[in-house]
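Before we start, here is the structure in question, set down as structure tokens.
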Amino acid sequence: PQDLHYDLGSGDGRTVITAAKRGARSFGIEYNPDMVELSRKNAAAAKVSPDRATFVQADLFETDFSKANVVTLFLLPSINMKLRDKILAMAPGTRIVANTFTMEDWQADQTETVSGDCVSWCTALLWIVPAKVEGTWQVGTEPLVLTQKFQMLEGTLGGKPITDARMNGADIAFTVGGGARYTGRVDGNAMKGAISTGGSFTGTRK
């Protein structure tokens with residue numbers, strides 16, 4: 001219920017209506033005015049409040065959806081790719097869910113396929129927008145040097161390589177030299193968290 005949801009290319013409105021029934025504030029962005037009108041009729045028939053399910057006739061490339069914390073897509077990969085930079089600029093932790101179609105080399109964080117009587121368009125892909133952490137951080141007395149490709153990280157801490165390193169929104173996790181596991185949270189130019197061998201850590205971006 002606390003979510004602000006945008007469905008880009010909302011078609012007949014079914015995703016928006018479902019989100020609104022679950023209590024979200026949901027906006028459908030659709031270029032075809034006939035589909036927008038159909039969506040509004042479908043929402044009225046479903047007895048969904050207009051302030052919970054709003055349908056807008058607009059170009060999704062010119063729409064500001066930056067405040068959303070959930071975005072759904074059922075768009076071709078070429079359109080997903082045109083939106084990708086805009087999506088990656090959203091707040092860390094924003095959830096992006098697509099039906100079937102990928103973001104090419106930005107691998108999904110989770111993929112689920114519906115079985116049973118589903119015969120087409122049966123796969124959902126979830127991405128969590130990662131915080132941007134590439135660069136050099138000071139963690140205690142040691143430099144943490146990170147390179148980043150979407151949610152995946154590589155680098156070193158005090159010259160020792162890190163492994164199994166990734167972002168989950170603003171959450172960071174990595175293992176140093178095959179030993180201690182660092183798990184924490186990034187907030188702008190600061191990070192803090194816990195070390196598996198005991199104690200805690202803080203970091204500041206240089």
Side-chain angles (χ1 to χ4, degrees), residues 1-30 39 43 46 48-49 51-56 58-115 118 121-134 146 148-153 164-174 183-188 191 193:
Q2 72 276 14
D3 284 329
L4 176 60
H5 164 243
Y6 273 72
D7 188 31
L8 304 183
S10 53
D12 64 6
R14 65 185 65 187
T15 302
V16 171
I17 291 167
T18 301
K21 283 182 175 179
R22 296 186 180 190
R25 284 188 60 217
S26 188
F27 289 82
I29 308 301
E30 173 57 52
S39 297
V48 172
S49 168
D51 65 348
R52 284 287 167 190
T54 303
F55 297 95
V56 180
D59 184 334
L60 58 87
F61 296 111
E62 296 177 1
T63 298
D64 179 10
F65 53 88
S66 60
K67 297 289 194 297
N69 50 20
V70 182
V71 176
T72 51
L73 313 163
F74 191 6
L75 305 168
L76 291 173
S78 59
I79 301 177
N80 286 352
M81 289 300 291
K82 289 179 181 178
L83 292 167
R84 194 173 79 174
D85 285 347
K86 195 171 181 179
I87 288 170
L88 283 164
M90 297 178 75
T94 303
R95 289 160 285 156
I96 312 298
V97 180
N99 186 329
T100 303
F101 298 113
T102 70
M103 298 270 189
E104 294 191 359
D105 57 336
W106 182 13
Q107 296 296 313
D109 290 286
Q110 185 177 345
T111 301
E112 298 289 345
T113 299
V114 178
S115 57
C118 185
W121 317 120
C122 301
T123 298
L125 302 99
L126 167 70
W127 295 263
I128 308 294
V129 175
K132 295 176 174 62
V133 298
E134 182 161 329
L146 297 174
Q148 180 172 12
K149 184 175 182 181
F150 308 113
Q151 70 270 51
M152 307 308 295
L153 305 175
D164 191 18
R166 63 183 296 142
M167 300 301 300
N168 182 4
D171 294 331
I172 187 169
F174 57 89
T183 55
R185 190 164 181 84
V186 176
D187 184 4
M191 69 170 73

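These figures come from a predicted structure and were not determined experimentally.
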Would you kindly say whether T72 and D7 are connected by a side-chain donor-acceptor distance under 3.5 Å? yes
Quick one: does K132's side chain have a donor or acceptor within less than 3.5 Å of a partner on F150's backbone? no
Ring pair (Phe, Tyr, Trp, His ring centres under 6.0 Å) against F55, all qualifying residues, sequence neighbours excluded: none
Which atom pair, heavy atoms only, marks the closest approach of I79 to L60? CG2-CD1, 4.4 Å
Side-chain (T94) to main-chain (M90) donor-acceptor, under 3.5 angstrom: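 Such a contact is absent between T94 side chain and M90 backbone.
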Short question: side chain of D3, backbone of H5 - any donor-acceptor pair under 3.5 Å?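 No: the side chain of D3 does not pair with the backbone of H5.
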Under a 4.0 Å N-O cut-off, is there an ion pair linking D105 with R84?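 A salt bridge links D105 with R84.
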Between I87 and V129, is the side chain to side chain contact (heavy atoms under 4.5 Å, CB included) condition met? List the steps. CA-CA 7 Å; I87 288 170; V129 175; 4.1 Å; yes
For F65, enumerate each residue passing the ring pair (Phe, Tyr, Trp, His ring centres under 6.0 Å) test, keeping only those at least two apart in sequence or located in another chain.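 With sequence neighbours excluded, F65 shows a ring pair (Phe, Tyr, Trp, His ring centres under 6.0 Å) to no residue whatsoever.
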Distance check, rounded to the nearest 0.5 Å: T15 atom OG1 versus F74 atom CZ? 9.0 Å
If I take atom OG1 from residue T102 and atom CG from residue N80, how far apart are they, to the nearest 0.5 angstrom? 7.0 Å
Q148 side-chain N/O to L153 backbone N/O, donor-acceptor pair under 3.5 Å: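 Side chain of Q148 to backbone of L153, a donor-acceptor pair under 3.5 Å: no, none is there.
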Take E104 and M81 through the side chain to side chain contact (heavy atoms under 4.5 Å, CB included) test and state the conclusion after the steps. CA-CA 8 Å; E104 294 191 359; M81 289 300 291; 3.5 Å; yes
Can a donor-acceptor pair be found, under 3.5 Å and without considering hydrogens, that links the side chain of N99 to the backbone of A124?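 Checking the backbone N and O of A124 against the side chain of N99, no donor-acceptor pair under 3.5 Å is found.
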Minimal non-hydrogen separation, I172 against L146, with atom names: CD1-CD1, 4.2 Å
The test is side chain to side chain contact (heavy atoms under 4.5 Å, CB included); show your working for M103 and L73 and say whether it passes. CA-CA 11 Å; M103 298 270 189; L73 313 163; 3.6 Å; yes
Pairing of R166 and D109 as salt bridge, 4.0 angstrom limit: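 Salt bridge between R166 and D109, a charged N being under 4.0 Å from a carboxylate O: yes.
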Ring-plane angle category for W127 and W106, please: parallel below 30°, perpendicular beyond 60°, tilted otherwise. tilted
For S39 and I17, work out which heavy atoms get closest and say how close.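 Smallest interatomic distance, heavy atoms only, reads O-CD1, 4.2 Å.
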Inspect the contact between D51 and R25 and indicate whether a charged nitrogen and a carboxylate oxygen are less than 4.0 angstrom apart.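 Not counted as a salt bridge, because no side-chain N and carboxylate O are separated by less than 4.0 Å.
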Test item: D164 side-chain N/O and F174 main-chain N/O as donor-acceptor pair under 3.5 Å: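 Looks like no, no N/O pair under 3.5 Å.
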Report yes or no: do T100 and T123 form a side-chain donor-acceptor pair below 3.5 Å?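 No pair is found: no donor N or O on one side chain lies under 3.5 Å from an acceptor on the other.
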Between G9 and E30, which heavy-atom pair has the shortest distance, and what is it? C-OE1, 3.6 Å
Under the 3.5 angstrom rule, does the side chain of Q107 hit a backbone N or O of M152 as a donor-acceptor pair? no
Quick one: closest heavy-atom pair of P1 and R22, and the distance?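 Closest approach of P1 to R22: CG-O, 3.8 Å.
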Heavy-atom pair with the smallest gap, counting every atom of R52 and A20: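 For R52 versus A20, the nearest heavy atoms are O-CB, 3.7 Å.
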